[in-house]
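Note sheet for the following structure.
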Amino acid sequence: MPGWPELEGAVLDVAPRLLGAVLRHDDVAVRLTEVEAYDGPDDPGSHAFNGRTPRNSVMFGPPGFLYVYFTYGMHHCCNVVVGAEGRPSAVLVRAGEVVDGLDTARARRGSTDRDLARGPARLCQALGIDRTHDGADLSRGSLTLTLPAEPATDVRTGPRVGLRQAADRAWRFWVDGEPTVSTYRPAVARPRRR
DNA sequence: ATGCTGATGGCCT
DNA sequence: GGCCATCAGCATG
């Protein structure tokens with residue numbers, strides 16, 4: 001397995017071990033403080049729940065690659081593919097602290113430093129990640145993931161954000177006390193616009 | 001602090 | 001046609 005045996009375990013085991021990892025794209029680097037687990041065929045909240053499609057095909061590949069999707073007509077979110085090849089599990093990268101490339105990140109976002117990567121779409125914007133990075137190999141190239149030497153302490157869990165499906169599963173993981181962790185908002189049905 | 005709303009387009013049935 | 005793994009901006013307490 002090329003390079004990523006540490007990402008091949010069950011998604012619920014691997015997800016909290018991504019806390020404290022550093023995701024880097026060229027000069028900008030983010031230390032992860034909040035993630036969510038998605039477990040393919042058994043998870044109604046997963047993009048892969050209904051099988052393989054052109055959009056989600058990276059999720060079915062080997063671990064250590066990036067799955068990037070576009071949503072709400074204007075936002076990108078990124079996931080680290082984990083688990084064995086063929087099982088579409090992934091960890092949504094929800095928030096972190098910019099630890100390198102502050103000037104670039106500020107120019108891309110134009111927000112306070114605390115909000116540079118606070119939320120999955122903000123994090124992608126700060127890092128300059130979009131669909132062209134779908135399928136990127138995180139073990140080499142301009143987009144890399146570095147796992148922490150020691151697992152994070154003070155890890156908390158709770159329900160995932162923004163989901164209407166399987167909202168009861170406490171599959172969100174964050175580092176307690178981190179100011180970059182996004183505040184929890186339960187998903188609410190909004191009336192359709194005309 | 002919490003709450004609502006418009007923006008905006010790909011994706012899937 | 002309906003649904004989003006969202007965010008910024010503005011409102012109110």
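Chain A is the first sequence line, chain B the second, and so forth, proteins listed ahead of strands; every chain is numbered from 1.
Atoms CH2 (W174(A)) and P (dA5(C)) sit 20 Å apart, rounded to a whole Å. Between the NE2 atom of H47(A) and the C1' atom of dC3(C) there is a distance of 11 Å, rounded to whole Å. Between the C1' atom of dC4(C) and the CG atom of N79(A) lies a distance of 14 Å, rounded to the nearest Å. Between the CD atom of Q125(A) and the P atom of dA5(C) there is a distance of 19 Å, given to the nearest Å. Summarising the geometry, the separation between CZ on R114(A) and P on dA8(C) is reported as 13 Å, rounded to the nearest angstrom. Atom CG of D134(A) is separated from atom C1' of dC11(B) by 14 Å (rounded to the nearest Å). Rounded to whole angstrom, the span from the CG atom of D115(A) across to the P atom of dT6(C) amounts to 16 Å. Distance CZ (F173(A)) to P (dA5(C)): 19 Å, rounded to an integer number of Å.
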Using side-chain hydrogen bond (donor to acceptor under 3.5 Å, both in side chains), reason through R109(A) and Q125(A) one step at a time and then give a plain yes or no. CA-CA 7 Å; R109(A) 294 242 47 238; Q125(A) 192 182 5; 3.1 Å; yes

Could you check L116(A) against T180(A) for side-chain contact (heavy atoms from CB on, under 4.5 Å), going step by step and ending with a plain yes or no? CA-CA 9 Å; L116(A) 286 176; T180(A) 52; over 6 Å; no

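Salt-bridge annotation for E34(A) and R172(A): present, with a side-chain N of the basic residue lying under 4.0 Å from a carboxylate O of the acidic one. Here D113(A) pairs with R106(A) in a salt bridge; the nearest charged N to carboxylate O distance falls below 4.0 Å. Using a 4.0 Å cut-off between charged nitrogen and carboxylate oxygen, D134(A) and R55(A) do not count as a salt-bridge pair.
For H75(A), taking side-chain heavy atoms from C-beta onward, the closest of the listed nucleotides dA5(C), dC4(C), dC7(C) is dC7(C). The nucleotide whose nearest atom lies closest to any side-chain atom of A121(A) is, among dT6(C), dC11(B), dA5(C), dT6(C). In this structure, the nucleotide among dA5(C), dC7(C), dC11(B) sitting nearest to the side chain of R55(A) is dC11(B). The side chain of R131(A) has dC11(B) as its nearest neighbour among dC4(C), dA8(C), dC11(B). Of all nucleotides listed (dC7(C), dC12(B), dA5(C)), dA5(C) comes nearest to the side chain of L163(A). Proximity note for M74(A) (side chain, C-beta onward) versus dA5(C), dA7(B), dC12(B): the nearest is dA7(B). Listed nucleotides: dT8(B), dC11(B), dG9(B). Nearest to the side chain of F70(A): dG9(B).
Remark: the Y72(A) side chain and the dA7(B) base include no donor-acceptor N/O pair separated by less than 3.5 Å.
Within 4.0 Å of G45(A), counting heavy atoms only, lies at least one base atom of the nucleic acid. T53(A) comes within contact range of the sugar-phosphate backbone alone, with a heavy-atom separation under 4.0 Å but no base atom that close.
Cation-pi contact between R160(A) and F173(A): absent, since separation from the ring centre below 6.0 Å together with deviation from the ring axis within 45° is not met.
Put simply, R122(A) has a side-chain N or O that comes within less than 4.0 Å of OP1 or OP2 on dA8(C). For dA5(C), the OP1/OP2 oxygens have no side-chain nitrogen or oxygen of R164(A) closer than 4.0 Å.
When Watson-Crick and G-U wobble pairs are counted only if both distances are under 3.5 Å, dA5(C) pairs with no nucleotide at all. Using the Watson-Crick or G-U wobble rule with both distances under 3.5 Å, dT8(B) pairs with nothing in any strand shown.
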